[in-house]
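Nothing here was measured: the structure is a model prediction, and the numbers come from that model. To find a chain, count down the sequence lines: A is the first, B the second, and so on, and within it residues start at 1.
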Protein chains: 2
Amino acid sequence: MVAKQNTQQKILDAAQSLFADTGFNDTSLRQITSLAEVNLAAVNYHFGSKKELIQAVLQRYLRVLMARLDQEFNQLLAVQHPNNLTQVLAVFVKPLLELNSVHTNGTRIFLQLLGRGYTDVQGHLRWFINQHYGRVLDKFVLLVQQSCPELPASELFWRLHFSLGTIVFTMASNEALAEIAQADFNEEVDIEGVIQRLLPYLAAGIAAPVFTRSQPQQQLRSGT
Amino acid sequence: MVAKQNTQQKILDAAQSLFADTGFNDTSLRQITSLAEVNLAAVNYHFGSKKELIQAVLQRYLRVLMARLDQEFNQLLAVQHPNNLTQVLAVFVKPLLELNSVHTNGTRIFLQLLGRGYTDVQGHLRWFINQHYGRVLDKFVLLVQQSCPELPASELFWRLHFSLGTIVFTMASNEALAEIAQADFNEEVDIEGVIQRLLPYLAAGIAAPVFTRSQPQQQLRSGT
DNA sequence: GTACATTTCAAACACTTGTTTAAATTTGTG
DNA sequence: CACAAATTTAAACAAGTGTTTGAAATGTAC
């Protein structure tokens, strides 16, 4: 017989799917514990509160992902010459795909959860991620900055968030999009295929020429 | 003296702000009616249900915006030569900014609401928009297709959805992003600023060179 | 002013939410 | 085995949800 699965893991598995599909606030503990086939009180017993459960669900992926990303970033930073932007972005692909070893469809689920963390009103999540992994992410920003030296920092900030939006939204509606692509273009699309389509789009967007009102390419910061 | 404001409008005004800030599901009718200083039952009396209130809030903007966009699209379609992609995208700017005449901060509020409509689980909203304004949006797709004739239809499909993701996500987390930009770069960001930052990013992304497995990407450069 | 329709109001409705409690059960250990 | 710690359980909690109700208040037409 299948060994009795850990209650905590049953909860985490049930919670991540529901959170990814419905969002954090719109998923009730009763839905989670019912899907996990555990008692309602188990969440509060094992995790303390719903808020802490949300963090635990994300931690399972963040721990693995961020460690891997940190390696990759350090490797690129060690190189003397600035790296090509496409190369810098491509560094995400493998670590993200490896999340599928954390759980079935781990990559998709994690990216959806990430999106929920930003669009749902979950201030504590942004704080949590920044607190724990801000140092790693700063390395990425530095790498992008090196590969696009002529891009002002504020412009880069916005474009990286635009990119985050692209990724997150695409993953959130991945299922629907893949279905349409299949029907309209007879195209079989998996997560890896989507990522490979994303990279050129993101690279081009981030490195796009900076808009200026009057002049084609000149200064952006003038005065203070 | 100020004439007694219509109860329906007081509700719409209160609802749109709260919906934009907190999302549809996380805003209660009691919050709305309390801010609007009307009785709780007024929402159900005047709009029928919360769902219909959500649609009414969006309709106030969609009606104006879509009529304007339809004009612009027809105008561009009438031209014989294919239009520049940047021009096609830029066509959104004026109609969007004119929403400020519907209500103070109308542009920001509408775009935030749109973002909420896609990220919150509001299936009825997607259906509603497509049902009412699908014909108008088809014209836009046609225009983009004409401006990027070398782009395969399936690639265009994905990139337009990437772009929708960028817009929707950016607007949904607009407040948070604006706060960070303010803190980190001492940059006052209004909705027009965000739109102007978005356009080059989207145009570059949509028109990016198509990824091919064998050949290396051409070097992407910022600045033209 | 009477009669009628529209609108407002306080109260209650039935239901869901996250969390807590205290007893019952299972588990690990000497 | 027996004892204690860890876990599970059903039940209740207080608070919040959208919606409905029926009586007041207001507005409108004759």
All ring pair (Phe, Tyr, Trp, His ring centres under 6.0 Å) counterparts of B:Phe47, not counting sequence neighbours: none
Separation of atom CG in B:Asn25 from atom C1' in C:dT16, rounded to whole Å: 14 Å
Aromatic plane relationship, A:Phe92 with A:Phe140 - under 30° parallel, 30 to 60° tilted, over 60° perpendicular: perpendicular
Lys/Arg-Asp/Glu bridge criterion (N-O < 4.0 Å) met for A:Glu98, A:Arg68: yes
Atom-pair distance (CG on A:Asp26; C1' on C:dT16), nearest Å: 13 Å
Length of the NZ-C1' vector between A:Lys50 and D:dG16, whole Å: 13 Å
Test of ring centre spacing under 6.0 Å for B:Phe162 and A:Phe169: no
Test ring pair (Phe, Tyr, Trp, His ring centres under 6.0 Å) applied to B:Tyr45 - qualifying residues, sequence neighbours left out: none
D:dT8 OP1/OP2 closer than 4.0 Å to side-chain N/O of A:Thr7: yes
Close approaches to DNA chain D from residues 36-48 of chain A, in residue order (heavy atom, under 4.0 Å): A:Asn39, A:Ala41, A:Tyr45, A:His46
Listed partners of A:Lys94 passing salt bridge (Lys or Arg N to Asp or Glu O under 4.0 Å), at least two apart: none
A:Asp13: partners by side-chain contact (heavy atoms from CB on, under 4.5 Å), with sequence neighbours left out: A:Gln5, A:Gln16, A:Arg60, A:His103
Between D:dT19 (C1') and B:Glu52 (CD): distance, integer Å: 12 Å
Charged N-O contact under 4.0 Å between A:Arg108 and A:Glu192: no
Of residues 27-35 of chain A, the positions that come close to DNA chain D - non-hydrogen atoms, cut-off under 4.0 Å: A:Arg30
